[in-house]
Amino acid sequence: MQKATSVGTGMAKFQELDAKWQQAWRDVKLFEAEPDKRPKFYLTVAYPYVSGPMHVGHGRTYTVPDVIARYKRMRGFNVLFPMAYHFTGTPIVGAAKRVARREPEFVKVLTERYGVAESELSEFENPHHFAAHFARESDLSYRKGMEWLGYSIDWRREFTTVDPHYQKFITWQYRKLYDAGLIVKGKHPVKWCPRCGNPVTDHDLLEGEGVGIVEFTLLKYRAGEYILPAATLRPETVFGVTNLWLNPDVKYVSAQVGSERWIVSEQAVEKLRQQGYSVEEVSPIRIDFSWEVEVPLTHKHVSILPAKFVDPESATGVVGSVPSHAPYDHVALLELQMHPEALKPYGISPQAVAELKPISLIEAEGFGESPAIDVVNRMGIKNQTDPKLEEATAEVYRNEFAKGRMREWVSKYGGMPVSRAKLAVRDDMLADNEAATIYEFSAKPVVCRCNTPVTVKIVEDQWFLNYADEGWKEKARGCLARMDLVPPETRGQFAHTINWLHEWPCTRNIGMGTPAPWDPKWMIESLSDSTIYMAYYTIVHILKTIDPAKLTDEVFDYVFHGKGDAALISSTTDIPQETLEQMRREFEYWYPLDYRMSANELIPNHLTFHIFHHALIFPDRCPRGIVSFGIAVLEGEKMSSSKGNIIAINEAVRKYGADTVRLYLMSTVEPWQDLDWRTNEVEAMQRNLERFYSLAESIIVPPAAKRPSFAQPERWMLSRLQEHIRVATEALDAFETRKAAQHVFFQLMHDLRWYTKRARQPKARTHMLKRVLEVWLRLLAPFTPHICENLWERMGGSGFISAAPWPKVEEGLVDKGAELIESYLRRVLEDVGKILRVTKVKKPKRVCLYVAQDWKWQTYRIAMKRVGEGKVDLGALLREIGETLGLRLHKSDLSKFLQQTVKELRGMPSEELEILETIETDELQILLEAADFIREQLNVKEVRVFKADDAARYDPQDRARLAVPMRPAIFIE
RNA sequence: GCGGGGGUAGCCAAGUCAGGUCAAAGGCGCCAGAUUUAGGGUCUGGUCCCGAAGGGGUUCGCAGGUUCGAAUCCUGUCCCCCGCACCA
């Protein structure tokens, strides 16, 4: 059976077109960008981290800049769109390790899903090989995917972040930062696997993904020579301590910590060591519950009481009791007070326990004296093993932290919001050596892939980028203020991030990357080496021709800052002077970057770093704008590439063709919205494109007619075309790919269908369709370049459509009157259709249309004028019309009609009113001309049109009286 | 908690800044008709409810308010999503 589409087996055909045109572009180096006289447009998108295949999310991320690049090129810009690969970082190293361990699940994904041969596995133990494979080698790789999608990338500038040239560039940059005093040394807690001897990232975890590290303050309670360090998240509550809790079932030890003698749970010892405490000489100790301890800061003396809820695994196993504000403490105390016999084994006086009263030190709106007691009572919690206590604690903490204030009696901190007092108390106590710090996971367990429990380790010697530096922040703010942000809502996020960002650890001791120039045992961390590489793109293709050993700081200083003398640098480095000058010219031509594109989840780090580093290194060449993308999901579900449940974009391209995938990705949502890949919609898109292709062919094939005269349908079509050009242009200028694609594909298709139905003269039609197609192809070219190139060639367009000029709106062809007439006809057809449906008449014999009589039209026009002017005095208007028309007989008809008319006109938007006013419409003429068309559309034998007051009209039901201007009365037989 | 985004018909999603053309674009799905009639493709029409004449009713998370008029403005309220770092 013959297929309606002449694409034949459409899919195969599209793939052929893809390959053909990609080769053609390559052959003429169409996308290799060199500085010239044209205005430039330079855009980049975050280079991919090549830890796996390119999936549909990446497809969207990279198609947006390509569409924009193609659009700008057609607008006459010299466009630079480069691409590179990010190798730096731990996940690739982690993946290689997983291969080395032959983790079955991962190996399975690699071999069965990602097409890696078993025999090659050993090579994938090398992280560099792993990355290179997914960067360029694999059929699922980024390079292939991007080529198959027809991206207009200048591939000469491709590089990886571990290339020696790039490392020279990073070294240059980091020496600058170091010299500026923005690299500072410090320590910070990391997740650490004792067995691997390495920090671990979430990717390396078997269990505990997403678990955070929280900072506890250790309050130093003193008991003679001993110190009992009680861990708390709320140091400000020290003023409400009534006693200390220890768990009688726990093994406690006494340990020499620095110059102090600490008592902690046995489990805490290793933790303290990991966290940089020098712990020596540990011996078991029996807790004597008769001790009194001195509370730090307040110097009160309190007793030690037994409590089961105290967890030896959590922090130090020593806990201070603040019953007024900690539900656990309140319940534990209550239990002891109700069961004094439990105190006997410990030799504690029940009398003393009974006298313990909660001390309230925080007031919070919506709570009474003691929030902890309120909440415990409300939840009906009776004992300290009740799991609801967690929730109660969270509720009290949340409310007190957010809304609480320290009570006035609390010396020094009285009246302070809890959120501030917490830090103030902590800092004061730390300064006086009355407290220390310990880190703990926010949830347990956390287990490394090697099946070892992960601990918190304090890494000493860590190097930080000092984003806390106020001067730097100020520069970044200045840069931000000058930038165009898409979508604009992201501005607040950026501003907030600049304020909030502080020291960022910029070195790591594992993974691939560039050694820190001032301390080469460390590697520059992967986000930190990706902040200004957009500048590197401008010269990389030239740099590649130079021996990296020659790339001294002087070279980069010259190229990027114009510092020094080219001839001199040439003589010391042996780089030809012309080469140096050429690089300088390239940089000066392309920089600043016009738009940076990346995922909006990178605003809190990468994108803001990008601003910081530019503000410092290229203060006069800050990027002009940032576009932030949404994420992508699959059939409404999240993707996971480590589990292999992704749609590899390369496979999708092979299956549906590049243009189908591109248009789908661009037309469903705007770039900053979340994309949902739905297979059935992609398939529908493919059919749509095939339909478009065969429609285009059917337009191209018949020989062109000489320019015939245009009638209403032609005028309408041309006017609509202008509208689509206008909207698409505006949309693409604002990165609204969806809006643009909707107009240039779907809406234009709709209009063209209407036109083909409406067109009466075959010659005019052939001519018009060709004329529309010529524009249409150019409008679609950024989205579906392969198909458009092919059709462009077929219809004899000159050169590549990729290099053709973008269509311009021809104001002279905008014809609001023509548009009004068509929407009028549509309305008439709709009304008739509605009547047919309601009356369930299937095959009408005859349709009669009655156009409003002159007096109604005259009234209408006068009313229109008055309404357009603003206020309407119905009475005055009535008199005015009565006088003008000299009508007496239908006074009541007139007033009724006028009322309706005014109401209707008032509801009309002023724009439409204006058009109506200015355009001479002869309704009768319009309908007479369109009668044939209406007859065809309704599939009736006869359509008759009358004036409503035509005495000779055929009107058995006297419908004509219902006629109103722009709404003819209808009679159906 | 802090910061950001969002709730529109079966699903996705425009429309909200600049109130009226909005029963609300477009896509998907579904239904019907047409097609030298394959349950495929293509084309046409329909797709909140009622209606044998183009009409009426009820809708845009929920509750109020402003207005001749509210999906759009204001107030309150409920719910959902994302980020909060050392890492891509």
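Each chain gets a letter, A, B and so on, in the order the sequences are listed, and its residues count up from 1.
- Looking at heavy atoms from C-beta onward, Leu829(A) lies in side-chain contact with Gln937(A) at the 4.5 angstrom threshold.
- Taking atom C1' in both G10(B) and C31(B), one finds a spacing of 13 Å when rounded to whole Å.
- Between Asn688(A) and C28(B) there is a side-chain polar atom (N or O) within less than 4.0 angstrom of OP1 or OP2.
- A 3.5 Å limit on both hydrogen-bonding distances identifies no Watson-Crick or G-U partner for C17(B).
- At C43(B), one or more side-chain N or O atoms of Arg691(A) fall inside 4.0 Å of OP1 or OP2 (strictly under the cut-off).
- Under the Watson-Crick and G-U wobble criteria, each requiring two contacts below 3.5 Å, nucleotide G1(B) is paired to C84(B).
- In this structure, Arg826(A) is positioned above the aromatic face of Trp754(A), its NZ or CZ under 6.0 Å from the six-membered ring centre and within 45° of the axis.
- At G55(B), one or more side-chain N or O atoms of Arg967(A) fall inside 4.0 Å of OP1 or OP2 (strictly under the cut-off).
- Comparing A13(B), G54(B), C43(B) against the side chain of Leu962(A) picks out G54(B) as the nearest.
- For the C1' atoms, the distance from U8(B) to C2(B) is 30 Å, rounded to whole Å.
- Summarising the base pairing, A9(B) is matched to no nucleotide, lacking a Watson-Crick or G-U wobble pair whose two defining distances lie under 3.5 Å.
- Closest approach to the Arg687(A) side chain among G41(B), G27(B), G55(B) is made by G41(B) (side chain taken as heavy atoms from C-beta onward).
- For the P atoms, the distance from G41(B) to C49(B) is 26 Å, rounded to whole Å.
- Straight-line distance between the P atoms of U75(B) and G26(B): roughly 34 Å, to the nearest whole Å.
- Counting only heavy atoms from C-beta outward, the side chains of Pro968(A) and Val828(A) approach each other to under 4.5 Å.
- If you check G54(B), C84(B), G51(B) against the side chain of Ile835(A), the one that comes closest is G54(B).
- Taking side-chain N and O atoms only, Lys739(A) has no distance below 4.0 Å to OP1 or OP2 of G27(B).
- Atom C1' of A24(B) sits at a distance of 12 Å from the matching atom of A13(B), rounded to the whole Å.
- The pairing partner recorded for U59(B) is none, the criterion being a Watson-Crick or G-U wobble arrangement whose two distances lie under 3.5 angstrom.
- Base pairing of U47(B) is made with G29(B), judged by Watson-Crick or G-U wobble geometry with both donor-acceptor distances under 3.5 Å.
- Judged by the 6.0 Å distance and 45° axis criteria, Arg959(A) is not positioned over the aromatic ring of Tyr850(A).
- The shortest distance between side-chain heavy atoms of Phe783(A) and Arg662(A) does not fall below 4.5 Å.
- Remark: G41(B) base-pairs with U35(B). Criterion, Watson-Crick or G-U wobble with two distances under 3.5 Å.
- Spacing between C22(B) and C48(B) at atom C1', rounded to whole Å, works out to 14 Å.
- The nearest heavy atom of RNA chain B to Thr668(A) and to Lys834(A) marks one nucleotide each, and the one closer to the 5' end goes with Thr668(A).
- Of the candidate nucleotides G27(B), U44(B), G54(B), G54(B) has the atom lying nearest to any side-chain atom of Asp831(A).
- Taking the side chain of Arg959(A) as heavy atoms from C-beta on, and the options A53(B), G27(B), G3(B), the nearest nucleotide is A53(B).
- Both Phe609(A) and Glu489(A) lie near RNA chain B, and the one whose nearest nucleotide falls closer to the 5' end is Glu489(A).
- At distances below 3.5 Å, not a single donor-acceptor pair connects side-chain atoms of Tyr85(A) with backbone N or O atoms of Ala131(A).
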